[in-house]
Amino acid sequence: MFKPKRVLFEPDSFDYQLGKELFELFTNMEGVEVRKLKSSRVTGVDSDNISEGYVEAKKTMVVAVRKSLKFQTCKPSAHYQLPLVSSCPGLCEYCYLQTTLGKRPYIKVYVNTDEILNQAQKYIEEREDITIFEGAATSDPLAVEPYTNSLRKAITYFGKERKARFRFVTKFTDVDTLLNVPHNNNTTFRFSLNTEKVIKEYEKGTANSTARIKAANKISQAGYPMGFLIAPIFLYDGWQEDYMSLLIKLKESLHPVPSLSFELITHRYTTRAKDNILEVFPQTNLPMDDSQRKLKFGQFGYTKYVYKKADYEKVEVFFRENIEKLFPKAQILYLV
Ligand code: SF4
């Protein structure tokens, strides 16, 4: 379980019950530095070295109040993001948050969960159809869940909502507090998976695939609709054998589930993310040769480098064929 090195409290976090409880909890936890900030600006986590500063930020939890209650849209997996947490303790070199969170990705946990869920209610009422919220668009919220119980609260809330669904994805395994929550099948729990090589090389600080599948089995036992994200998919020498081993391992270890979905995302990067990655992980061997990629215009105006059409088609054929063969009842929600 993740234990922060330091926990910093924004002044107005004490206006909320969760803020007070977290202060009590971490003040009594051995080896955790606890500080009250003078404003919402994080100070006192200094380092002249960019890599060290990044790693320190990933060990720093900031207990904060979510000021903006305007939710971002979230294609292709949902209608809106549900901002409960931002950033996470993982050190994935390719992390999609490199574009938005930059070089100091402090783990911010928001204590005004009631206000956030009230805002979700407003969005639900605006739409005729079912509204889907994504809880992991700006974070991996599971790593801090044992402290905040925010997912638990959100899952319970969505369990009572006829016109909304909730979903999030994780590379962590802290599922125990979520096993007996009245989810009412309205929350889809997804685990992110990748080949052993990708996890070892690029997903430092996260759980290995065996542990993630074990946690997935607990979640399916608890009756949640479940899915797997295979992401990011990298094409390297031997990628087909490695992804095949992953699919076979999943087939052999996963207990039977009533509903199963896959989301498939090929590797992509923005120029801003690439610049950050090269500064934060100067030794990285992430494949980011622009000449091997195709430019694509993405959400929020970012231009992304994605695999070229021929490579993308190889991925499509490979995964569609093999998922259909090994998991005939599963649905592939999208491949991008
Ligand atoms: S677990 Fe997800 S959010 Fe956390 S560093 Fe890895 S990719 Fe980024």
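All ligand and atom numbering here is 1-based and tracks the order in the structure.
Here 1 is the count of protein N, O or S atoms positioned under 2.8 Å from atom 6 (Fe) of ligand 1, waters not counted.
Counting heavy atoms under 4.0 Å from ligand 1, residue Lys58 touches it through the side chain alone.
In this structure, Lys200 does not pair ionically with Glu196, as no charged nitrogen and carboxylate oxygen lie closer than 4.0 Å.
Checked by atom type and distance alone, the side chain of His183 pairs as donor or acceptor with a backbone atom of Ala222 at under 3.5 Å.
Cluster partners of Leu37 are Leu8, Val42, Val45, Val62, Tyr106, counting Ile, Leu, Val, Met, Phe, Trp and Tyr whose side-chain heavy atoms approach within less than 4.5 Å, directly or via other members.
The salt bridge (Lys or Arg N to Asp or Glu O under 4.0 Å) test applied to Lys274 returns Asp290, not counting sequence neighbours.
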Show me, pair by pair, the donor-acceptor contacts under 3.5 angstrom made by side chains of residues 19-27, not counting sequence neighbours?
{"from": "Glu21", "atom 1": "OE2", "to": "Gln17", "atom 2": "NE2", "distance (Å)": "3.2"}
{"from": "Thr27", "atom 1": "OG1", "to": "Phe23", "atom 2": "O", "distance (Å)": "2.4"}

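For Tyr312 and Tyr307, the distance between ring centers is not under 6.0 angstrom.
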